[in-house]
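In what follows, every chain begins at residue 1, and chains take the letters A, B, ... in the order their sequences are listed. Side-chain atoms are counted along with the backbone in the values below, which use heavy atoms only and exclude waters and symmetry mates.
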2 protein chains.
Amino acid sequence: MSIRLVIADDQALVRGALAALLGLEQDIEVVAELGDGTGVAAAVVEHSADVAMLDVEMPGLDGISAAAAVRRAAPSCRVLMVTTFGRPGYLKRAMQAGASGFVVKDTPARQLAEAVRRVHQGLRVVDPVLAAESLTAGDSPLTEREGEVLKAASDGGTVADIAKSTMLSEGTVRNYLSAAMAKTGGRTRAEAVRIAEDNGWLL
Amino acid sequence: MSIRLVIADDQALVRGALAALLGLEQDIEVVAELGDGTGVAAAVVEHSADVAMLDVEMPGLDGISAAAAVRRAAPSCRVLMVTTFGRPGYLKRAMQAGASGFVVKDTPARQLAEAVRRVHQGLRVVDPVLAAESLTAGDSPLTEREGEVLKAASDGGTVADIAKSTMLSEGTVRNYLSAAMAKTGGRTRAEAVRIAEDNGWLL
DNA sequence: AATGAGGGATGACAAATGTCATCGGGGGGC
DNA sequence: GCCCCCCGATGACATTTGTCATCCCTCATT
């Protein structure tokens, strides 16, 4: 009896290619392919899937939230996250959301099927390098609002823009940015944004 | 007689998956897989490949430069660029570098093999949406130095940092940044960076 | 009841940034 | 020769940021 797999990735080419790669395995059957996170939980239920392979970065519902939705809708379905960026914060948050595995996209292709099997058996699969980084990196030091403001700042607008989009006073925005810079260690607003992004503290 | 194909993409998973996907086609044979751009031209020559499929974003030698190298080393080998981001500037630069096709990673998977065949036959394959954008977007308005300075600014450092890394005076840096902001239409240094990146004017 | 942390705001001040005029040198085009 | 554009720099100036102290309110902890 083969493993019933659902794949969600926003890049159609990658999605299709992964399906082709895993479809070559005798014990794996790809039962659904999705382009965003919104329909994943429903698809898992509909096809009574055993494993869901989710990209973290997706339009609509992001992979982490989708993972949580899958766990809620079908607790017996395991979740394997696949991501482009090895952001330490992503790993931690994915695990908290109930994922069983976390793989970055530059791991060798042959290990992927093995990861799916391991996850299906109830084992955990985690990139060891990333796991180590995740431990050193720690949780986000940013408070919720600080994160929101920093995210609002991430497209390069002025303080006035950020204030408008967050419904805050300009002074307050500057205070939060200042706090975020202090906590991230960035010497500039832009640097703070980059550091927070690299660590997976935004989103 | 099958099409001899070389694949270069920095994400091993994607690379392997693409190879698996295209390997399913009877008329395509994947003769080499590379993780960066440096060895592509040599691999093409060694395996006397017919088509090279290159990612634009790669460590070491980027895809555009690699395309030029392939054209120089083996003029009979066609180049098909595959990229995550549909930056208008990339398309133009890829074509100037001698690429025959340009595909974004969220085109349907089944069209990929067809694109490889078309390119092999000497036809050009270009995403029509991207082609239109490329025409409206136009060339980079930035001068060479402006681009360099803007790129140096893209990791969020201060003017002093940029001045140090570019060996320019701080005043000069600010002048270039000011010019870059005017030309991109950005109201902030960070915004100018974002706009330039989105258009494929950096790199 | 007291404490502390976070949300939200104001005002003041120093430093960084963005703008502009101006200068000189070098090259390409008419 | 002249004009225009790019490179590189300087100095002055207005704005924007970043920093800090201080205030009030709420909620959870002790």
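- With Arg15(B) contributing its side chain and Ala109(A) its backbone, the two residues share no donor-acceptor pair below 3.5 Å.
- At dA5(C), none of the side-chain N or O atoms of Thr143(A) fall inside 4.0 Å of OP1 or OP2 (strictly under the cut-off).
- Between the C1' atom of dA12(D) and the CD atom of Glu170(B) lies a distance of 16 Å, rounded to the nearest Å.
- Relative to the side chain of Thr172(B), the nucleotides dA12(C), dG7(C), dA9(D) differ in distance, and dA9(D) lies closest.
- Expressed to the nearest 0.5 Å, how far CD of Glu29(A) lies from CD1 of Ile3(A) amounts to 11.0 Å.
- If you check the side chains of Ser178(A) and Asn175(A), you find no donor sitting under 3.5 Å from an acceptor.
- Summarising the geometry, the separation between CD on Glu148(B) and P on dG8(D) is reported as 8 Å, rounded to the nearest angstrom.
- A donor-acceptor pair shorter than 3.5 Å can be found between the side chains of Glu57(A) and Thr83(A).
- Minimum atom distance to the side chain of Thr188(A) is reached by dG18(D), of the listed dG8(D), dG18(C), dG18(D).
- A donor-acceptor pair is defined here as one N or O able to donate and one able to accept, closer than 3.5 Å; no such pair exists between the side chain of Thr188(B) and the backbone of Ala190(B).
- In terms of phosphate contacts, Ser178(B) brings no side-chain nitrogen or oxygen within less than 4.0 Å of OP1 or OP2 of dG18(C).
- The side chain of Asn175(B) sits closest to dT10(D) out of dT17(D), dT10(D), dG7(C).
- For the pair Leu142(B) CG and dC6(D) C1', the computed distance is 13 Å after rounding to whole Å.
- In the set dG18(D), dT17(C), dG8(C), the nucleotide with an atom closest to the side chain of Thr158(B) is dT17(C).
- Each of Pro141(B) and Gly171(B) has a nearest nucleotide on DNA chain D; the 5'-most of these lies closest to Pro141(B).
- Considering only side-chain atoms of Arg145(A), the nucleotide from dT17(C), dG7(C), dG8(D) that sits closest is dG7(C).
- In this structure, CD of Glu144(B) is placed 12 Å from P of dC6(D), rounded to the nearest angstrom.
- One can place NZ of Lys183(A) at 17 Å from P of dG18(D), the figure rounded to the nearest angstrom.
- Arg189(B) places its CZ atom 11 Å from the P atom of dT17(D), with the value rounded to the nearest Å.
- With dT19(D), dG7(C), dT17(C) as the choices, the nucleotide that has an atom nearest any side-chain atom of Arg174(B) turns out to be dT17(C).
- Rounded to an integer number of Å, the gap from Glu191(B) CD to dT16(D) C1' is 14 Å.
- For Leu177(A) and dA15(C), the CG to P distance is 20 Å, given to the nearest whole Å.
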